[in-house]
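First up is the structure itself, then whatever we jot down about it.
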Amino acid sequence: MPFKFLMCPPDYYEIAYEINPWMSLRRNVNRSLARTQWDLLYKLLTDQIGVQVELIYPVKGLPDMVFTASAGMVWNHTFIRSNFRHKQRQPEAAFFESWFQENHYDVITLPKVLCFEGESDAFVAGNYLFCGYHFRSDLQAHHLVAELVQKEMLSVALTDERFYHLDTCFCPISDKTALYYGKGFNEHDERNLRKHIPNSILVRIDEALQFICNSIVVGNKVITPAKCPQTTEMLRLLGYQVYPVDLSEFTKAGGNAKCLVLTLERNGTT
Ligand code: ARG
């Protein structure tokens with residue numbers, strides 16, 4: 001099977017602290033709705049789309065562990081572990097590291113002084129390693145990751161705190177197409193991104209705020225957040241099969257579909 005993801009069930013998911021502008025201690029999650037929404041995403045991926053999904057045990061007191069995309073980055077059976085920016089998420093690293101060790105991956109840790117939040121801020125598309133730095137990951141960390149995966153690095157500075165991870169404002173759909181929210185970057189970096197992905201699709205602010213750029217792409221299937229009619233229509237016209245999912249409870253922590261999965265294998269790359 002070409003696609004394999006790692007997910008973490010939302011047993012202990014809640015808003016217990018505020019580390020991005022979406023999170024508010026006054027707006028806690030509805031646990032049972034969160035569970036239902038997460039289950040639907042899991043079933044969609046496994047039963048309908050045919051992706052293999054591995055699970056890691058959730059840990060009490062680590063509510064954001066559900067967002068596995070931030071755990072690290074997998075490349076050729078090597079796990080490059082995250083160094084989380086915020087102390088609230090730092091204890092997650094040891095649990096993710098153990099999972100990858102138990103599953104016989106080589107584990108690489110970056111120097112402690114460098115923050116890196118894994119596939120939330122760095123992903124390979126075509127010949128490039130696309131990276132976003134500033135809020136959560138350091139540019140220096142991306143230089144090291146680019147060396148490890150031996151790809152040319154295209155790193156952009158993130159400028160809008162609401163789009164604090166690259167996967168909240170940029171989503172490669174293919175080697176030549178990506179969804180992006182232009183104001184998530186400075187003008188120079190936006191131009192640079194467009195130069196490298198000629199068919200980029202600029203999304204509207206209202207759909208960017210629904211986290212349309214946090215879609216999961218599996219070949220020609222795209223799992224998008226709900227309530228993004230304009231972009232989903234555009235994707236359909238381009239020939240993609242679109243699966244909108246309502247993950248409103250996870251938006252409260254600043255995430256959506258793609259944050260909830262970490263890529264273990266993709267199109268034959270393990
Ligand atoms: N509350 C989490 C955080 O602030 C959300 C992580 C979202 N993940 C992502 N891949 N964008 O770290």
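All ligand and atom numbering here is 1-based and tracks the order in the structure. All residue numbers refer to positions in the sequence shown, counting from 1.
Using a cut-off of 4.0 Å between Lys/Arg side-chain N and Asp/Glu carboxylate O, Arg35 and Asp11 are scored as salt-bridged. Using a 4.0 Å cut-off between a side-chain N of Lys or Arg and a carboxylate O of Asp or Glu, Arg85 and Asp138 qualify as a salt bridge. Salt bridge annotation for Asp167-Lys258: present, with a cationic side-chain nitrogen under 4.0 angstrom from a carboxylate oxygen.
Within ligand 1, the atoms closer than 4.0 Å to a non-hydrogen atom of Asp64 are 1 (N), 2 (C), 3 (C), numbered from 1 in the order shown. Interface of Gly254 with ligand 1, defined as ligand atoms under 4.0 Å from a residue heavy atom, comprises 7 (C).
When heavy-atom distances to ligand 1 are checked against a 4.0 Å cut-off, Met23 comes that close only through its side chain, counted from C-beta outward. Looking at Arg136 against ligand 1, only its side chain comes within 4.0 Å, counting heavy atoms. Counting heavy atoms under 4.0 Å from ligand 1, residue Arg89 touches it through the side chain alone.
For the pairing with Thr231, the side chain to side chain donor-acceptor pair (under 3.5 Å) check across Glu207, Arg236, Gln210 returns one residue only, Glu207.
By the 3.5 Å distance cut-off applied to N or O atoms, Glu117 is not counted among the residues near ligand 1.
Which of Phe84, Tyr164, Trp22 comes nearest to atom 5 (C) of ligand 1 through a heavy atom is settled by distance: it is Tyr164.
Using a 30° and 60° split on the angle between ring planes, Phe170 and Phe130 fall in the tilted class, from 30° to 60°.
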